[in-house]
Structure formats: structure tokens, C-alpha cells
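Both counts, for ligands and for their atoms, begin at 1 and track the order of listing.
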Amino acid sequence: MDRCDTLTTLRRHKISVTEQRRRILAEIHSLDGTFTAASLKESDSLGGIDEATIFRTVALFLERGVVRSVGDSERGQVFEKNCEHNPAHGHFRCTVCGTWSCLPPFSAKEKRGLFSLLPDAYAAESVSVVFQGVCPRCSG
Ligand SMILES: [Zn+2]
Ligand SMILES: [Zn+2]
Ligand SMILES: [Zn+2]
């Protein structure tokens with residue numbers, strides 16, 4: 001599967017390049033679903049990078065639009081990569097196991113439908129849809 005180049009991504013978002021930022025971004029690009037700073041800290045490929053650096057880097061990535069925020073969990077804010085490989089979609093948060101699942105991407109028509117819910121006086125830049133309930137694994 002195609003992945004964004006870390007160097008190109010950092011430069012495009014005007015983030016100065018460090019070895020640690022490249023490693024953290026490579027790990028984020030390798031993930032298909034959601035993550036938290038705490039879950040990144042546990043990944044083997046980021047061994048040797050301290051927690052404070054991971055939290056700071058994720059906060060910087062969020063501010064510069066490299067990742068987007070999906071919601072909040074018991075383990076902190078939930079993120080996912082924000083690039084062409086991860087088009088806008090809704091999420092499902094399981095109230096039993098706490099898992100966040102990514103749902104299929106919105107079609108252009110669905111996106112227009114969502115934005116049409118907004119009164120004219122508001123200028124939206126993005127929309128997020130989160131369902132909550134019991135996921136297939138917990139209901140089975
Ligand atoms: Zn990408
Ligand atoms: Zn569940
Ligand atoms: Zn997602």
C-alpha cells in the first residue's frame with residue numbers, strides 16, 4: 001500500500017525535520033486506524049523516544065494538520081492520520097470495550113448532506129460523525 005513520505009509531509013506542513021519526528025510520523029502513517037499518544041508510546045518501533053516527546057510531537061502534528069482529532073477516550077485524545085490515504089469518514093465508539101472503529105469514507109453526496117444540516121450563517125471547515133454503542137465484537 002502507498003504511504004506518504006515523512007520528509008515531504010513534514011516540509012509541506014512547515015515542521016522542522018528531526019529524526020524523532022520522522023520516526024513518529026512513519027509509525028502514524030503505518031496505522032490504518034485511530035491511535036492515542038499513549039498507544040504510540042507502546043509501539044515497538046518507537047522504543048527509545050520518551051513519552052513527553054511523543055505527546056509534544058502529536059500536539060504539533062495536530063496543530064499543523066498532519067493528524068486530525070477524532071474524539072476523546074479514557075486514554076486521552078484519539079487521532080488518525082490526515083492525508084490522502086485516509087479520506088473523511090465517521091467513527092463508532094464502543095461503550096463496552098472503548099474501541100474506536102473507522103467507518104467507510106463519506107461519499108460526496110453524504111458529505112453535502114452533512115454540511116446541508118448547518119444553517120447558512122455558520123462557516124464549517126470540517127465535520128465529524130461519531131456513533132456510540134456496542135461494537136460487533138462485544139455484541140457477539
Ligand atoms: Zn498518506
Ligand atoms: Zn466493543
Ligand atoms: Zn478513522
Greater than 12 external heavy atoms within 6.0 Å of Phe115's CZ = yes
Thr57 OG1 to Leu25 CG distance, which is reported to the nearest 0.5 Å = 10.0 Å
Report yes or no: does Arg93 contribute a side-chain atom to a donor-acceptor pair with the main-chain N or O of Gly133 at less than 3.5 Å?
-> no
List-wise, which protein N, O or S atoms are found short of 2.8 Å from the Zn ion (ligand 2)?
-> Cys94 SG, Cys97 SG, Cys135 SG, Cys138 SG
Would you kindly say whether Glu110 and His89 are connected by a side-chain donor-acceptor distance under 3.5 Å?
-> no
Taking the Zn ion (ligand 3) as the apex, SG on Cys102 and NE2 on His89 give an angle, to 10°, of 110°
Distance-only side-chain donor-acceptor flag, Thr95 / Gln132, under 3.5 Å | no
Less than 4.5 Å apart, any side-chain heavy atom of Asn82 and any of Phe61?
-> no
Thr36 side chain to Arg75 side chain, donor-acceptor N/O pair below 3.5 angstrom = no
His91 NE2 and Glu80 OE1 subtending at the Zn ion (ligand 3) (10° steps) | 100°
Is it true that Lys14 and Glu63 have a side-chain N and a carboxylate O under 4.0 angstrom from each other?
-> no
So which protein N/O/S atoms does the Zn ion (ligand 1) have within less than 2.8 Å?
-> Cys4 SG, Cys83 SG, His85 ND1
In the single-linkage hydrophobic clustering (I, L, V, M, F, W, Y; side-chain heavy atoms under 4.5 Å), do Val66 and Leu7 co-cluster?
-> yes
Taking the six-membered ring for Trp, are Phe131 and Phe92 parallel (under 30°), tilted (30 to 60°) or perpendicular (over 60°)?
-> parallel
